[in-house]
Each structure stands twice: as structure tokens, then as C-alpha cells.
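The first residue of the sequence shown is numbered 1, and numbering continues consecutively from there. All heavy atoms count here, side chains included; hydrogens, waters and symmetry mates do not. These numbers come from a predicted model, not from an experiment.
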Amino acid sequence: MTATGLYDLAVIGGGINGAGIARDAAGRGLRVALIEQDDLASGTSSASTKLIHGGLRYLEHFEFRLVREALIEREVLLNLAPHIIWPLRFVLPHVRGMRPRAMLRLGLLLYDHLGGRKILPGTRTVALDNDPAGAVLKPEFRHAFEYSDCWADDARLVVLNVRDAADRGATVLTRTKVVGARPDPECWRIELVGAGEARGEIRAKALVNATGPWTSAFFGMVQGVKPSGRIRLVKGSHIVVDRLFDHDRAYIFQNADRRICFAIPYESDFTLIGTTDEDFHGAPGPVAITAEETSYLLAAANSYFAKAVTPEQIRWSFAGLRPLSDDGQSTAAEATRDYVLTLDEPLEGRAVLSVMGGKITTYRRLAEEAMDRLAGALAGMSGRWTASVPLPGGDFRFADRESLVASLLERYPFLGASEAQRLFRCYGTRASRILGGASSASDLGKRFGASLCERELRYLVDHEWARTADDILWRRTKLGLRMTPEECEAVAAAVADYVASRVGNHAEAATP
């Protein structure tokens, strides 16, 4: 263990909520430790539908405050990370016998105005028989509405928050498990197990339980604190298929069971279809899509697309557990996506704050509220700051994105247009840190496959805590989509050899 000394705050959990809280706290001048038992965003936060959105369907459940907060955050986050968050237009076909057109129109009118929209365009009606969006749909769909939300690279959003926290002085311990926490008169004493079963202990004045699906289990390791809320685990699964349409808009489909399903342009050459909503009753941990869920998603898509989507087109699937605050709703789809923060103090001034529920869109607001709740236990910290400070690589205006990609390509012409675009979409203005003074493709070092070069791999290992092929190919870059299973296997072996040679088996925190 390399972490020593007394911290103001120990954040347990390296998903989006833990990452956001760690960044917020570090920027307020606090001494912060972030501890994650696996890779950053290795659970729920890399298994989302990749949307920064208000949640149009939440209006049906009268969650107006949640929708308004999320709608405001869309444009805040777009300004903070315009390289990994993009505006996206959604086409909502009207279906006879489901939600009436007047109801959809009213809901979208509210959606346009609840959040004080400034950047994103508003809703419009679409005649599908005269629009490219209708060309791939069945002919019975003639009318639709089109509205705005945003797409996000969820796993990179987590990593960039952690990178910024580390840049501001936070200690980051990945692949380190908390096995116990006990309060003493001065602080929390937190027992850790890291790589190679190495044991250690850190001390912190306050704890944040941001363990997501493990929230309830975490209480069993913290002495003197009992859970004051309940977690409901809901499994959501997605499939990624070959690109189904040529335009750059997404679809939101209404299903016969009144759930909705998205079909979203993904990584240029693919379409993401999701999600399912099923209660999960097992122990938290890795989950996979089932045959039934795959069939459900294919059937949902095939209810709308004129050309059948088949299992043979599936290139990837992923699933995750959403740790929702249990509000007693009857179905998983109806369970609230709002968050609940609970604060306990088993000894005076020894606070533990637990995060239940939430969604990626509102993570920054959640972090602000969490720090406000902890103010009494962490005297002397500064005020709110995250709404106006960009994430690493996001220090530019969204309107300038294409010109910056062109500038990157002009400086490094050997990349090619698609590779320059990919690197900028991953790293923004920090892409030049990877490329450095390279004047030819050979200067980038060994090629591992699907444009992954040695310089990029080195950056991911040294600066983004990547340690395995999954970290790199499926979370940090998504380049696994561009490889066959055989290629992935070979690249994974080469990556493992590279990581072992560079950092050994006991590497912990990335360098600034």
C-alpha cells in the first residue's frame, strides 16, 4: 500500500458517483483517497445506455424535479466535456393505440422548457415518409417527433473525473478492496487488501459509501452504522449490432409493455440497442445478458425497423446492475432513478455518507449535494466549483470541435482522418500528450491492433489506471468492437505482457 497519512475524506467506489465526489472534494482543497476494488467504471457506470438526458419517460411518473435537474445538467456537462459528450437528436415515432400524439406533444413541450435549454435545439414534428429517418422504418410509421438529448462515453466520463481528482492531489487506489472500517476518537480506520493480498490501512475523517450494487454489503463492514435505506438492484442489458441506418439521429421506440427502447448510433459503425429492466435478486457482481433479454431487444427493434435485425448482427453485448433507491414501485421500469443521500455519525464528527440510486446525468449535482451534507464534518473546505471547470481534455467550446480535429490532423497527418477523430473524441485537447513530437506512424511505437499503438497504451497505463485488456479495449477505447474474437485474444495477451513489463504486478496509482 502506498497510501499513508490522514485523509479528510475516503471515497469507496470508483463508479461515476464516487469519481464525481472525489473530484469535487479534491477541488475544495480536501485530502482525498478514492478506493475501488476493481477497475474504474468496471460495473454499473460502463453499462449504461450512454445518455446524458432528462429522462422523457420520467414525466409519466410525475418526477418533474428529477427531469428538470437532469435537463439543466445536459448543457452543463456538454460544456465541461465536449469531447466525450455530444448532442444527439432522437426520433420518437407515434404508434397508434399507445401514447396519444397530443400526450407526446405536451410531454415534449415540457421537456423543451423545464431545463432552460440554451444550446440544444427544440422539438420538431417529422413526416417519416419524407425524411431519411423514416426510410429504415416500417411503412405504417408515418409521424414522429424529434427532440434533443446528449450521448456520452460513460466509462471515459468516470476516468476523466478521477484523472482530474488526481491532478488536484487525490490518492487513487484501484484494485484495492475495503474489508473493514471502524471509528476511533479521531478518524475512521479503513482496512484494505490490494494486489497480491497486500494489506494496509488508511485513516480518514469521513467516509463516502459510493459502492453502487455493493452499498448494502458495505454497511456490514462499517462498525456502528446501520443502513437507513434500501437498495433495489435492477439489471439492464444492451446489444451492439452492425450499423442499421446512415443518418446520425437516434430512435426511441415505445414497446407494447409500455417500456421504451433506444437505437443509438454507436462508435461510427454500429448501433446500440437497449435497455432491459429486470429486478435482480442475486449477489452483486458481474452479470451478462440472457437469451431472453437478447430476444426482447431484437423483438423491440424489429417492431419498428423494416429490415429484420438478426442475432448474427450482434457484435457485442453488455449488462449491468443499477443500484436504485427502493421506493416500493411495482415494476423495475417504474422505480425512481433519483438519488438518496444518507448521513450517519456513529461517533461525533465521524461521518459516513451513503449514496443510493442516481443516474449518470446528475452525478455532478449529486457530488455537490454530498459535499454540502459533509460540510459539518469537514470544516474549512471551499465552496462549489465544478459547474464551470472543464474535465481533462475538455477545455474548448463544442462549436470548435471539428476545427480542433482538423488542427490535430494537420499537425499529425500520418494519423488519417478517422484516427484523428477517434483520438480527439477520447482525449480531447490531451490527445497531443499521447502523440507528443511524433512525426511519423513509426514514432508511435508498436501496433497492437485496431489502431491501438504503444504510445496510447502507455498513456492509458501511466495516466488512466488501465491494467488489463478489458480496461483498455472495452472501457477506455472501445477498440474491441473493431476486432474479431481471435484478434482480441491475441491483443489481450500482448497487452498483458506490456503492462507486466511496464508496471509489474503491484502497480497502483497512475502518475499525474
Side-chain angles (χ1 to χ4, degrees), residues 14-16 19 36-53 84 151-159 212-214 233-244 250 259-280 282-301 309-324 332-333 337 359-361 425-426 450 466-485 487-489 491-492:
I16 189 60
E36 163 56 42
Q37 67 179 348
D38 201 328
D39 181 32
L40 301 171
S42 56
T44 305
S45 296
S46 61
S48 76
T49 313
K50 325 297 182 191
L51 298 179
I52 302 295
H53 67 141
I84 62 164
W151 171 93
D153 187 327
D154 51 4
R156 290 211 59 75
L157 184 62
V158 174
V159 169
W214 290 266
L233 294 182
V234 173
K235 182 185 174 190
S237 297
H238 301 76
I239 57 176
V240 177
V241 301
D242 295 323
R243 186 167 182 164
L244 299 177
R259 288 154 60 180
I260 54 97
C261 182
F262 294 100
I264 302 169
Y266 190 63
E267 296 296 318
S268 302
D269 299 319
F270 307 93
T271 300
L272 172 67
I273 299 174
T275 178
T276 58
D277 278 302
E278 295 186 351
D279 279 311
F280 182 85
V287 291
I289 193 170
T290 64
E292 292 76 16
E293 288 176 300
T294 299
S295 296
Y296 175 87
L297 293 175
L298 290 173
V309 186
T310 66
E312 291 72 29
Q313 292 173 267
I314 298 174
R315 297 292 169 255
W316 184 38
S317 64
F318 60 89
L321 299 178
R322 305 181 187 112
L324 306 181
R337 267 57 175 175
K359 49 187 288 190
I360 282 181
T361 307
R425 286 181 63 171
C426 278
R467 294 293 180 266
T468 71
D470 276 356
D471 300 352
I472 293 155
L473 300 180
W474 297 107
R475 282 187 284 276
R476 306 296 192 282
T477 71
K478 308 298 188 296
L479 287 174
L481 278 169
R482 305 190 180 281
M483 301 179 189
T484 65
E487 288 171 333
C488 269
E489 185 176 352
V491 170

Please give me the minimum heavy-atom distance between Pro323 and Pro213, naming the atom from each residue. CB-N, 3.7 Å
Salt-bridge test for Arg243 and Asp269: reply yes if a basic N is under 4.0 Å from a carboxylate O, no otherwise. no
Verdict with reasoning, Tyr296 to Ile289, per side-chain contact (heavy atoms from CB on, under 4.5 Å): CA-CA 11 Å; Tyr296 175 87; Ile289 193 170; over 6 Å; no
d(Asp38 CG, Asp471 CG) to nearest 0.5 Å is 7.5 Å
Could you walk me through whether Gln313 and Ile239 pass the side-chain contact (heavy atoms from CB on, under 4.5 Å) check? CA-CA 10 Å; Gln313 292 173 267; Ile239 57 176; over 6 Å; no
Can you see which heavy atom on Ile273 is nearest to which on Leu297, and at what distance? O-CD1, 3.8 Å
So which of Arg322, Lys235, Arg259 actually passes side chain to side chain donor-acceptor pair (under 3.5 Å) with Asp277? Arg322
At their closest point, which heavy atom of Ser45 faces which heavy atom of Val158, and how far apart are they? CB-CG2, 3.7 Å
Is the backbone N or O of Val241 less than 3.5 Å from a side-chain atom of Thr271, with the two atoms forming a donor-acceptor pair by type? no
Smallest separation among heavy atoms of Thr361 and Leu51, with atom names: OG1-O, 3.6 Å
Indicate the atoms forming the closest heavy-atom contact of Met483 with Cys488, along with that distance. CB-SG, 3.7 Å
Where do Ala152 and Ile52 come nearest, in terms of heavy atoms and distance? CB-CG1, 3.5 Å
Separation between OH of Tyr266 and CG of Leu244, rounded to the nearest 0.5 Å: 15.0 Å
Tell me which one of Arg425, Arg476, Lys478, Arg475 satisfies salt bridge (Lys or Arg N to Asp or Glu O under 4.0 Å) with Asp153. Lys478
Output for pair (Thr468 OG1, Asp39 CG), nearest 0.5 Å, gives 6.0 Å
Would you give the length of the straight line joining atom CG of Leu321 to atom OG1 of Thr44, rounded to the nearest 0.5 angstrom? 6.0 Å
I'd like to know whether Trp474 forms a side-chain contact (heavy atoms from CB on, under 4.5 Å) with Leu479, so could you lay out the CA-CA distance, the side-chain angles of the two residues, the decisive distance to 0.1 Å, and finally the verdict. CA-CA 7 Å; Trp474 297 107; Leu479 287 174; over 6 Å; no
Any side-chain heavy-atom pair from Ile16 and Asp154 closer than 4.5 angstrom? no
Do Thr294 and Pro311 have side-chain heavy atoms sitting under 4.5 Å apart? no
Nearest 0.5 angstrom please: Arg482 CZ to Ser268 OG, how far? 5.5 Å
Would you verify whether the NZ or CZ of Lys50 falls within 45 degrees of the ring axis of Phe270 while also being under 6.0 Å from that six-membered ring's centre? no
Ile314 vs Val240, side-chain contact (heavy atoms from CB on, under 4.5 Å): CA-CA, chis, key distance, verdict: CA-CA 6 Å; Ile314 298 174; Val240 177; over 6 Å; no
Measuring from atom CD of Glu293 to atom OG1 of Thr275, what distance do you get when rounded to the nearest 0.5 angstrom? 8.0 Å
Under 3.5 Å, is there a donor-acceptor pair between the side chain of Ser46 and the main chain of Ala41? yes
Which word best sums up how the rings of His53 and Phe262 line up, parallel for under 30°, tilted for 30 to 60°, or perpendicular for over 60°? perpendicular
